[in-house]
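Residue numbers run from 1 in the order of the sequence given. Values below: every heavy atom of this structure, side chains too, minus hydrogens, waters and symmetry copies. Given the structure is predicted, the values throughout are model-derived calculations rather than measurements. In each ligand, atom 1 is the first atom listed, and ligand 1 is the first ligand listed.
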Amino acid sequence: MKLLNIQQIREWDAFTVRHEPVSSPDLMERAGRACTDYLIRHFSREYAFLVFCGLGNNGGDGLVIARLLAGYGYRVDVVVLKHANRRSDDFSLNLKRLENVPEVPVHEVVSGDQLAALPGRDKNAEMQEPDSGSRMVIIDALLGSGISKPLEGLLAETVNYINNSGRQVISIDVPTGLPADIEQWNAAIYKNLVTAHTTLTFQVPKTSFLFPDAGRFCGTLSVLDIGLHTDFLPGLSSDMEYIDKAFIDPLIKPRHKFDHKGNFGHALLVAGSRGKNGAAILAARACLRSGAGLLSVGVPQHSYPILQTAVPEAMVLPDNSDDYPVFSFGPGKYTAVGVGAGIGTEAKTLEGYKRFLQALRKPVVIDADGLNLLAGLLKTEPGFRIPENSVLTPHVKEFSRLAGEAGNSYERFHHLREFAATHQAHVLLKGAHSCLAAPDGTCYFNSTGNPAMAKGGSGDVLTGMITALLAQGYNPRDAALLGMYFHGKAGDSAARKRPASAVIASDIIEEISIEVSTA
Ligand SMILES: NC(=O)C1=CN([C@@H]2O[C@H](COP(=O)(O)OP(=O)(O)OC[C@H]3O[C@@H](n4cnc5c(N)ncnc54)[C@H](O)[C@@H]3O)[C@@H](O)[C@H]2O)[C@@H](O)CC1
Ligand SMILES: Nc1ncnc2c1ncn2[C@@H]1O[C@H](COP(=O)(O)OP(=O)(O)O)[C@@H](O)[C@H]1O
Ligand SMILES: [K+]
């Protein structure tokens with residue numbers, strides 16, 4: 001899915017109105033319907049809703065949601081915030097429609113002192129008398145993608161009230177006060193924003209949602225399809241993609257009846273050192289679960305029995321050293337290589353590693369200490385070149401060793417793009433929305449994964465997965481994208497089986513399933 005800026009989304013909206021054709025109020029009805037469907041799937045009628053509406057189209061969405069929820073028998077109160085004199089046409093139309101639904105009280109707020117009189121203000125009293133009022137959820141439909149400047153006055157006070165309510169907050173389209181385009185975001189200026197538990201956004205994620213500094217205000221992100229006209233997209237240029245099922249499924253190569261292990265490549269992983277054999281085991285298991293035909297793991301000699309016991313499906317290639325790898329073997333017969341997880345940064349490792357990379361003519365994934373050593377090589381040896389067809393998988397700290405510190409996540413994104421182009425490598429910056437920068441400047445943001453994966457060992461699993469995909473003949477871009485997407489998907493499955501704090505990297509490996517899914 002292409003990522004668009006707000007101007008492009010507005011044009012898409014208008015294109016849909018003209019070409020479907022659909023009236024603007026009907027499009028708003030569709031957006032409100034999509035949110036309502038989400039809400040009734042996630043909340044029983046024991047919950048009540050307090051819907052905060054601004055005077056623009058985001059507020060209009062809120063009014064539609066309130067009317068539809070009431071139709072399903074939910075208790076709903078609406079707060080209309082009179083923050084300006086102008087209201088949008090579709091807002092006015094939907095306010096009129098709500099007048100025909102007398103069971104939904106509409107509270108007009110013109111000044112901050114009225115906020116204290118709104119329903120559900122005393123959460124403690126409600127908890128003492130469970131039958132007296134339902135658990136109340138706040139719907140934030142104050143402002144959406146239309147914000148042009150930081151909030152102040154009544155809007156800022158209301159945002160503050162919502163954030164301090166202790167309620168679950170669901171933002172419609174955009175958390176109020178957050179600029180939707182990342183270019184507009186500035187943490188020093190935008191200070192009054194809704195902090196949502198969930199954001200239900202229309203059609204495409206807004207770019208600011210994907211960067212940690214700004215995206216942390218969204219909570220869990222759900223992208224709702226409101227059926228904007230797909231004919232609009234081919235004519236559109238965007239060098240940012242959001243990687244979802246529709247993008248990924250066509251990349252997957254099927255297995256055929258007469259295929260044999262020789263068709264799926266022979267992967268070599270060089271990983272682990274004394275105290276870090278776990279990295280080699282995790283990467284090896286993940287590599288096998290991701291479809292490599294054969295796997296060899298190059299390890300220092302003390303690791304030999306450990307690897308043979310922990311991963312009987314893999315062959316083990318003992319290095320000419322006891323504690324840490326020295327790369328006494330060459331890249332030889334292997335189809336693809338994964339290097340770096342847990343190898344340490346000893347001088348002898350560096351020496352062997354440099355030779356190994358220089359001799360390498362195979363697709364390679366470089367991770368962890370492999371990146372730290374590479375950062376040193378790029379600095380100390382100006383002519384040193386990253387091997388062709390490389391996929392680098394740094395986390396933020398590793399990336400700053402390669403490309404320098406950045407002041408914020410957007411600046412880091414520019415460094416990422418630049419680094420990928422300069423070194424003609426695919427660079428996958430890991431995080432909540434991991435981002436793969438391709439040498440041609442295109443950036444691919446991941447849609448899968450969750451905080452259960454924020455634990456040592458998750459990255460080793462990703463290395464094993466991408467190595468397996470390269471070994472099977474996927475090009476570096478597709479291998480990195482498939483690895484990134486299915487790694488997150490496996491993390492999501494693992495997090496459905498246990499609390500997030502209890503998920504470990506081995507659980508992610510158990511859930512790896514690189515195939516076209518029906519869900
Ligand atoms: N394709 C889509 O994405 C659709 C979007 N719709 C909704 O339309 C919204 C955009 O609506 P609008 O353009 O009316 O904008 P908003 O509802 O976000 O804002 C309303 C108005 O508030 C004023 N305003 C902006 N920043 C302000 C500030 N800092 N202080 C005070 N006032 C400020 C502006 O005049 C702005 O037009 C989306 O976020 C979404 O909720 C849906 O209704 C239909 C389809
Ligand atoms: N909050 C999060 N949401 C989604 N994915 C996450 C989150 N935190 C971590 N991950 C994923 O988990 C992996 C962690 O990798 P890394 O930091 O290298 O861990 P390690 O080296 O300790 O194994 C990355 O792929 C990252 O995208
Ligand atoms: K909003």
Have a look at ligand 1 and work out which part of Ile226, if any, has a heavy atom under 4.0 Å from it: side chain, backbone, both or neither.
side chain
Atoms of ligand 2 less than 4.0 Å from His395 heavy atoms?
17 (O), 18 (O)
Within ligand 1, which atoms have a heavy atom of Leu155 less than 4.0 Å away?
30 (N), 31 (C)
Nearest non-hydrogen contact with atom 23 (O) of ligand 2 belongs to which option: Gly431, Ser434, Gly459?
Gly459
Test of understanding: given a 4.0 Å heavy-atom threshold, classify the contact between Pro150 and ligand 1 as side chain, backbone, both, or neither.
backbone
If the test is ring-ring contact (aromatic ring centres under 6.0 Å, His included), which one of Phe247, Tyr242, Tyr485, Phe211 qualifies with Phe445?
Phe211
Considering distance alone, does some N or O of Asp367 sit under 3.5 Å from an N or O of ligand 2?
no
So which protein heavy atom does atom 38 (C) of ligand 1 come closest to, and at what separation?
Asp173 OD2, 3.0 Å
Going by heavy atoms, is Gln203 under 4.0 Å from ligand 1?
no
Proximity of His395 and Phe399 rings by center, below 6.0 Å
no
Atoms of ligand 2, numbered as shown, that sit under 4.0 Å from any heavy atom of Ser458:
12 (O), 13 (C), 14 (C), 23 (O)
Within the 4.0 Å heavy-atom cut-off, what Asn58 brings close to ligand 1 is both
I need the atoms of ligand 2 closer than 4.0 Å to a non-hydrogen atom of Asp460, numbered in the order shown.
23 (O)
Ignoring hydrogens, tell whether any protein atom lies closer than 4.0 Å to atom 35 (O) of ligand 1; use the non-hydrogen atoms only.
no
When you measure from the heavy atoms of Ala84 to every atom of ligand 1, does any distance fall below 4.0 Å?
no
Between Phe15 and His19, how do the two ring planes meet: parallel, tilted or perpendicular, split at 30° and 60°?
parallel
For atom 29 (N) of ligand 1, the protein heavy atom that lies nearest, with its residue and separation
Lys149 O, 2.7 Å
Examine the proximity of ligand 1 to Ser145 and report which part, side chain or backbone, both or neither, has a heavy atom under 4.0 Å away.
both
Looking only at heavy atoms, the pair that brings Gly344 and Leu373 closest together is O-CD1, 3.9 Å
Considering residues, nucleotides and ligands other than Arg86, do more than 12 of their heavy atoms fall under 6.0 Å from its CZ?
no
Going by the atom numbers of ligand 2, which of them fall below 4.0 Å from some non-hydrogen atom of Gly457?
20 (P), 22 (O), 23 (O)
Counting non-hydrogen protein atoms only, what is the nearest one to atom 21 (C) of ligand 1? Give residue, atom name and distance.
Leu143 CD2, 4.2 Å
Contacting atoms of ligand 2, where contact means under 4.0 angstrom from a heavy atom of Gly456
22 (O), 23 (O)
Give the atoms of ligand 1, by number and element, whose distance to some non-hydrogen atom of Ser148 is under 4.0 Å.
25 (C), 26 (N)
Contact check, Leu228 vs ligand 1, heavy-atom distance below 4.0 Å:
yes
Top protein contact for atom 16 (P) of ligand 1, by heavy-atom distance
Gly144 N, 3.7 Å
Quick note on ligand 1: atoms under 4.0 Å from a heavy atom of Gly56 include exactly 14 (O), 17 (O), 20 (C)
Sub-3.5 Å N/O-N/O distance, Leu462 and ligand 2
no
Within the stated cut-off of 3.4 Å, is an N/O/S atom of Asn58 closer than that to the K ion (ligand 3)?
yes
When the ring centroid of Phe49 is compared with that of Phe43, is the distance short of 6.0 Å?
yes
In terms of the angle between their ring planes, are Trp12 and Phe232 parallel, tilted or perpendicular, with boundaries placed at 30° and 60°?
parallel
Salt bridge flag under 4.0 Å for residues Arg289 and Glu510
yes
To which protein heavy atom is atom 4 (C) of ligand 1 closest, and what is the distance rounded to 0.1 Å?
Asp13 OD2, 3.6 Å
Metal-centred angle, OG1 of Thr176 through the K ion (ligand 3) to O of Ile172, rounded to 10 degrees
170°
Show the atoms of ligand 2 that are less than 4.0 angstrom away from any heavy atom in Gly449.
4 (C)
How does Asp61 reach ligand 1, if at all, at less than 4.0 Å between non-hydrogen atoms: by side chain, backbone, both, or neither?
side chain
Which protein non-hydrogen atom lies closest to atom 14 (O) of ligand 1, naming both residue and atom, and how far is it?
Asn57 N, 2.9 Å
Would you say Leu143 reaches the K ion (ligand 3) with an N/O/S atom under 3.4 Å?
yes
Less than 3.5 Å between some nitrogen or oxygen of Thr448 and one of ligand 2, yes or no?
no
Considering only the protein, which heavy-atom contact is closest to atom 25 (C) of ligand 1, and what is its distance?
Gly146 O, 3.3 Å
Angle at the K ion (ligand 3) between O of Asp140 and O of Val174, to 10°?
120°
Heavy-atom protein neighbour under 4.0 angstrom from atom 7 (C) of ligand 1:
yes
Using side-chain hydrogen bond (donor to acceptor under 3.5 Å, both in side chains) as the criterion, point out the one residue from Asn58, Asn192, Asp140, Thr158 that pairs with Thr176.
Asp140
Distance under 4.0 Å to a non-hydrogen atom of Leu151: what atoms of ligand 1 satisfy this?
29 (N)
What atoms in ligand 2 come closer than 4.0 Å to a heavy atom of Ala454?
8 (N), 9 (C)
Selected option - heavy-atom contact closest to atom 7 (C) of ligand 2, from Asn450, Asn446, Leu428
Asn450
